[in-house]
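Heads up: the structure comes next, in C-alpha cells.
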Amino acid sequence: MRYQAPKGVSEYYPPRSRSFEWVRQCLLAPIQRAGYQLLELPVFEDTELFTRGVGASTDVVNKEMYTFEDRGSRSITLRPEGTVGALRSVIEHGLDKGSLPAKFYYSGAFFRAERPQAGRYRQFYSVGIEAVGTDDPAIDAEVIAIADAGFRNIGLKQFHLEITSLGDRESRAAHRIDLKKFIAQLSLDEATRNRAEINPLRLFDDKREEVRSAMKAAPVLLDYLSHESKTHFEAVQKYLKVLNIDYVVNPRMVRGLDYYTGTTFEFVHDLLGAQSGIGGGGRYDGLMEEIGGSALTGIGFGLGVDRALLAAEAEGVVDQSAFLGDLCIIPLGDEAKSLALQIAHELRSVSVSVEIAFGDRSVKSGMKSADKSGVKYVIVLGEEELQSGAAELKEMSTGEATSVTLSSLVPTLVTTLTGK
RNA sequence: GUGGGCGUAGCUCAGCUGGUAGAGCACUCGGUUGUGGUCCGAGAUGUCGCGGGUUCGAGCCCCGUCGUUCACCCCA
C-alpha cells in the first residue's frame, strides 16, 4: 500500500514551500504593522457555530463542510472560513470589552469538501483580519488598504479590486422583493430557478451569456441603499481615493457567506483561471449578535495564500533570494566535524545561516552541494586547517579565497556578512 | 455534486496498428594528491496509479476504481 495525501489538499514541500512561506509573510507584514493581534484558533468548532454564523442556506454550510461526530457525540466541523471562529473566541474571552475597535489577525488552514480544481483545495490556507466594534467607514478603507498592501508586498500587479455595498437589512429586504419579481418573469431552467430561490443574487454571478443579458435589466441592490448605507459607502470610497487605491464598483458582486452587510469587496487576479478571487471580505454588522455576542459591528477579510502564490508565480514575481544561506562548512575527518559543529553553532547564535556538508563526502561533492544550495561562502576544514589554525574562506560568486585564522573566523564572517 | 482531458523513473515526457520499457534533466561515483558552476565517462532508479477482463501475450484494448487537471457550481 502506497499512501497518498487525501484528495484535493494543497501540500507545500521544497523548493516551493519557501515561496509559500514568503508569500504568507508578505501578506502578514502589513497586518502586523497596523496593530492587529494574533488569534491562534482551533481548526474545528461546534458545527452549529458555522450553520448559524455562515448561514444555513449557503453552499459552504450545505454541501462543503467536513462534519463528524467526536467521541463524546458532539457534532464537530473543520472550519470552512475564519471569521465566525474568530468572533466566537472574541465573545468567549470578552476581547471586545476593552477599547474599540478590537483588531485581530489569524493565519492557517481551512477546509471545504469541494471538487478540487486549480486554486481550489479541500485544505487551503488563509490569512485574515477582523476589526470589531466600529462602523467608522475609515476602518473599511484601512482594512481594504491592508489587503492591497499585502498583495503589493508580494509584487502583484495584475489584479483589481471590486467593491460594493450590500446595505443594511432593510435595504436588502426591499431589493430582494423586487429582484424576485424580476426573476419570476424570466424563463429559467430548474436548477437555476432553485438557486435563485435560495439566493436571488446568485443569478448576477451566472457565467452563461443568456442569463447575463437577461440579468442586465435586473434591479441592483445599490439602488436600494438606505440613506445611512449610502453615505457610509460614499465615505469608504472617499477614503480609498485618499489612499490612492484603485477600485471598481461592481453592483453585481455576489458573496457566498450570509453574514456580509454594507461594504463588501473582492480582489480578483487577472492571470488565474476560474478561481481568480485572491481575497475578499466585508462588513458583518449583525454577526456578533447572531452568534451570542453583543451587538457590535465588524469588518474583516480573508486572503488566499495558495492563490496568492499561484498569482505570484503567474506574474513571475516570486522572490527566493532571502532564503540563501551564508556559509557552508565542509569538514574532512572526525576532528574537523566536531569543530564544524561548534563553529556552526556559534555563527548561528549571531544570526549567520550556516550549513554543514554532512556524510563524509569528498571535497568535490561538498563543493557541488554547496554550490547548488546557493550559499555565499564555503570553508573546508581538514587536517591542514586544524594544524595551521587557518582556513580559506571562499566566496562562491567570485571564486576568490582569503585566508582566515580559525580563531578569528566568527568575527570575520559577521563583519563581511553584515557589513559592520 | 455534473461534464471533458490525463495518470510510464525524483521531475518533464517518448513508447508506431498489443510481443514483458526508454530520453533529457536531477542523483551517485570517477576524469590521479583536498575545492563548485562547463565538459567527458560510468552507475543507480520503475509492481508503466490500483483492481479486474479480453488475449498465447497489455504500458498500449475494455470495465471499474483512485488520483490529478480544466470547466460548471462555489469561493480563498
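Throughout, protein chains are lettered first and strands after them, A, B, ... in sequence-line order, and every chain is numbered starting at 1.
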Where do N or O atoms of nucleotides 32-42 of chain B meet protein N or O atoms at under 3.5 Å, pair by pair?
from    : atom 1 : to        : atom 2 : distance (Å)
rG34(B) : N7     : Glu384(A) : OE2    : 3.4
rG34(B) : O6     : Glu384(A) : N      : 2.9
rG34(B) : O6     : Glu384(A) : OE2    : 3.4
rG34(B) : N1     : Glu385(A) : OE1    : 2.9
rG34(B) : N1     : Glu385(A) : OE2    : 3.3
rG34(B) : N2     : Glu385(A) : OE2    : 2.9
rU35(B) : O2'    : Lys394(A) : NZ     : 3.0
rG36(B) : O2'    : Asp371(A) : OD2    : 3.2
rG36(B) : N7     : Lys394(A) : NZ     : 3.2
rG36(B) : O6     : Met396(A) : O      : 3.4
rG36(B) : N1     : Met396(A) : O      : 2.4
rG36(B) : N2     : Asp371(A) : OD1    : 2.9
rG36(B) : N2     : Met396(A) : O      : 3.2
rG36(B) : N3     : Asp371(A) : OD1    : 3.3
rG37(B) : O4'    : Asp371(A) : OD2    : 3.0

Any N/O pairs under 3.5 Å between the protein and nucleotides 5-7 of chain B? List them or say none.
none

Output a table of nitrogen or oxygen pairs between the protein and nucleotides 48-52 of chain B separated by less than 3.5 Å.
none

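Closest to the Arg255(A) side chain, of the nucleotides rA76(B), rG67(B), rU2(B), is rA76(B).
Distance check on atom C1': rC48(B) versus rA23(B) gives 16 Å, rounded to whole Å. Comparing the P positions of rC11(B) and rC16(B) gives an interatomic distance of 22 Å, to the nearest angstrom. For the C1' atoms, the distance linking rA21(B) with rG46(B) amounts to 9 Å, nearest Å.
As a whole-Å value, the separation of Lys207(A) NZ from rC72(B) C1' is 8 Å. Atom-to-atom, CG of Leu272(A) to P of rU69(B) comes out at 14 Å; the value is rounded to the nearest Å. If you take CG of Leu203(A) and P of rC73(B), they are 11 Å apart, rounded to a whole angstrom. Distance Glu114(A) CD to rC73(B) P: 13 Å, rounded to the nearest Å. With rounding to whole Å, Asp306(A) atom CG is found 13 Å from rA76(B) atom P. Distance Leu257(A) CG to rC74(B) C1': 11 Å, rounded to the nearest Å. Distance Ile129(A) CD1 to rA76(B) P: 15 Å, rounded to the nearest Å.
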Taking Watson-Crick and G-U wobble contacts under 3.5 angstrom, with | marking pairs to another strand and [ ] crossing pairs, the secondary structure of RNA chain B is written (((((((..((((........)))).(((((.......))))).....(((((.......))))))))))))....

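Contacts of Gly119(A) with the nucleic acid, taken as non-hydrogen atoms under 4.0 Å apart, include base atoms. Backbone-only contact: Arg361(A) has heavy atoms under 4.0 Å from sugar-phosphate atoms and none from a base.
Residues satisfying the side chain to side chain donor-acceptor pair (under 3.5 Å) criterion with Tyr284(A), sequence neighbours excluded, are Glu130(A). Legend: residues meeting side chain to side chain donor-acceptor pair (under 3.5 Å) with Glu92(A), ordered by chain and number and at least two apart, are Arg88(A).
Salt bridge present: Glu197(A) and Lys180(A) bring a charged side-chain N and a carboxylate O closer than 4.0 Å. Note on Arg79(A) versus Glu45(A): no salt bridge recorded, every NZ/NE/NH1/NH2 to OD/OE distance being 4.0 Å or above. Look at Glu21(A) and Arg24(A) and you find a salt bridge, because one of the NZ, NE, NH1 or NH2 atoms lies within 4.0 Å of a carboxylate O, short of that distance.
Two residues, Lys63(A) and Val9(A), neighbour RNA chain B, and the one matched to the more 5' nucleotide by heavy-atom proximity is Val9(A).
Side-chain polar atoms of Asp258(A) and Ser57(A) form a donor-acceptor pair below 3.5 angstrom. Looking at Asp135(A) and Thr297(A), their side chains never bring a donor and an acceptor atom within 3.5 Å of each other. Looking at Tyr66(A) and Glu64(A), their side chains never bring a donor and an acceptor atom within 3.5 Å of each other.
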